Amino acid sequence: MSGQERVRALLENRLMQRAIIVVIVVNAVTIGCETSSSLMERAGDVLHAIDRMALAIFAVELAARLYAYRRSFFSDPWNWFDAVIVVVALVPASGPTSVLRALRILRALRLVSAVPSMRRVVSALLAAVPGMASIIGLLVLMIYIAAVIATKLFGDLVPERFDELPRSLFTLFQIMTGDDWGNVAQEVMEHKPWAWIFFIAYILMSTFVALNLFIAVVVNAMNDTEDSPAEARTQAELEVLRQELAAVNAKLDRLLLHSPAPRPRPRRATVVRNRRARPQRG
């Protein structure tokens with residue numbers, strides 16, 4: 001086995017993958033601990049040492065993957081994802097790039113590429129983007145129409161909420177998230193008691209319809225990307241059946257190969273007699 005194959009086998013080893021996951025978790029915890037001034041006073045050097053060791057492990061692991069997979073390394077989007085995170089972490093955290101030091105916590109995102117279940121969830125979210133884009137467009141249209149109506153109806157009554165279109169858009173976004181919408185409605189209803197009709201209709205259309213559509217699209221995408229237990233069992237049974245058929249065909253081929261060849265049957269000689277009619281002598 002070549003060196004490239006040995007490195008690939010090591011990277012694909014389950015113990016190796018779990019070790020990388022442990023390093024990612026430990027590094028995320030140490031970066032969080034660095035935000036505490038008391039911990040930095042007592043164990044700052046240890047935390048920095050762990051951080052540098054984790055970064056070195058990530059860099060070596062990425063280089064090993066690049067060596068093992070060569071060109072196929074760049075065909076996997078998750079490899080690009082890991083490469084960007086490691087490169088950002090290698091940028092010097094001093095001078096104009098000191099702001100990148102806060103981005104070291106992005107290394108925790110490597111759990112997404114290291115854990116298969118997280119990869120499936122992210123893949124489902126990416127697969128749901130086209131459907132989500134349509135829902136976002138519908139939601140934006142609804143908020144815009146409601147903001148124009150609210151500005152015309154309530155702009156003079158509650159100017160701190162609806163005096164202009166940008167402020168109305170922000171207020172309606174706040175209502176859509178359910179943040180303090182009752183107080184907003186009460187302020188308007190003090191001037192126009194029927195305003196509850198507008199707010200209830202808006203909440204029903206934006207929150208209970210449009211936002212729930214996001215959940216439906218994501219769940220549908222996850223069902224499409226991940227087989228159900230019944231489908232998984234069916235696929236496993238078909239795979240077992242295929243292997244059994246292959247074994248039976250192999251046995252038949254061996255039997256036909258070792259069986260003696262049949263002897264040719266002798267052909268019967270066919271004698272054709274042409275009898276000529278002779279005249280009888282008297």
Side-chain angles (χ1 to χ4, degrees), residues 1-28 54 57-86 107-134 213-265:
M1 187 167 57
S2 63
Q4 184 178 356
E5 293 176 349
R6 285 196 295 269
V7 173
R8 184 180 301 180
L10 177 63
L11 293 173
E12 294 176 354
N13 191 312
R14 182 171 298 180
L15 293 178
M16 181 65 180
Q17 294 175 355
R18 291 180 178 176
I20 294 296
I21 292 174
V22 171
V23 173
I24 295 171
V25 173
V26 171
N27 187 220
I57 292 173
F58 294 152
V60 171
E61 189 255 348
L62 186 66
R65 275 197 284 169
L66 183 61
Y67 168 75
Y69 296 102
R70 301 294 175 88
R71 293 182 179 180
S72 60
F73 174 89
F74 300 99
S75 61
D76 189 355
W78 293 110
N79 290 333
W80 284 95
F81 178 78
D82 294 340
V84 169
I85 291 177
V86 173
R107 299 178 208 168
L109 290 176
R110 287 208 57 198
L111 280 176
V112 177
S113 61
V115 180
S117 59
M118 289 187 180
R119 286 203 304 264
R120 286 194 294 269
V121 172
V122 174
S123 299
L125 289 175
L126 295 177
V129 167
M132 292 172 65
S134 301
L213 285 176
F214 281 101
I215 301 175
V217 170
V218 173
V219 170
N220 187 32
M222 293 187 67
N223 289 334
D224 292 339
T225 56
E226 185 176 0
D227 294 336
S228 63
E231 292 176 347
R233 287 194 299 270
T234 303
Q235 292 294 334
E237 292 175 357
L238 290 176
E239 182 64 22
V240 171
L241 182 60
R242 187 187 65 81
Q243 294 176 359
E244 291 178 353
L245 289 175
V248 171
N249 289 332
K251 290 181 180 179
L252 288 176
D253 292 339
R254 288 195 297 270
L255 290 175
L256 292 176
L257 182 63
H258 295 291
S259 62
R263 296 180 180 179
R265 299 177 62 185

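Nothing here was measured: the structure is a model prediction, and the numbers come from that model.
Taking every heavy atom of both residues into account, Ala83 and Leu62 meet most closely at CA-CD2, 3.7 Å. For the pair Ala68 and Leu11, the tightest heavy-atom approach, listed with the atom from each and the gap, is CB-CD1, 4.1 Å. Annotation for Phe74 and Trp80: closest pair O-NE1, 2.7 Å, computed over non-hydrogen atoms. Closest heavy-atom contact between Val86 and Ala59: CG1-CA, 4.2 Å.
Partners of Phe73 according to the ring-ring contact (aromatic ring centres under 6.0 Å, His included) rule, which considers only residues two or more places apart in sequence or in another chain, do not exist here. Shown here are the side chain to side chain contact (heavy atoms under 4.5 Å, CB included) partners of Leu241, two or more places apart in sequence or in another chain: Glu244, Leu245. Remark: Arg65 engages Glu61, Asn79, Asp82 in a side-chain hydrogen bond (donor to acceptor under 3.5 Å, both in side chains) (not counting sequence neighbours). Not counting sequence neighbours, the partners of Val84 by the side chain to side chain contact (heavy atoms under 4.5 Å, CB included) test are Val88. Partners of Arg242 under the side-chain hydrogen bond (donor to acceptor under 3.5 Å, both in side chains) rule, at least two apart in sequence or in another chain, are Glu239. Under the side chain to side chain contact (heavy atoms under 4.5 Å, CB included) criterion, Arg14 pairs with Arg18, not counting sequence neighbours.
To the nearest 0.5 Å, the span separating CD1 on Ile20 from CZ on Phe58 amounts to 7.0 Å. Between Arg71 atom CZ and Leu66 atom CG the span is 12.5 Å, to the nearest 0.5 Å.
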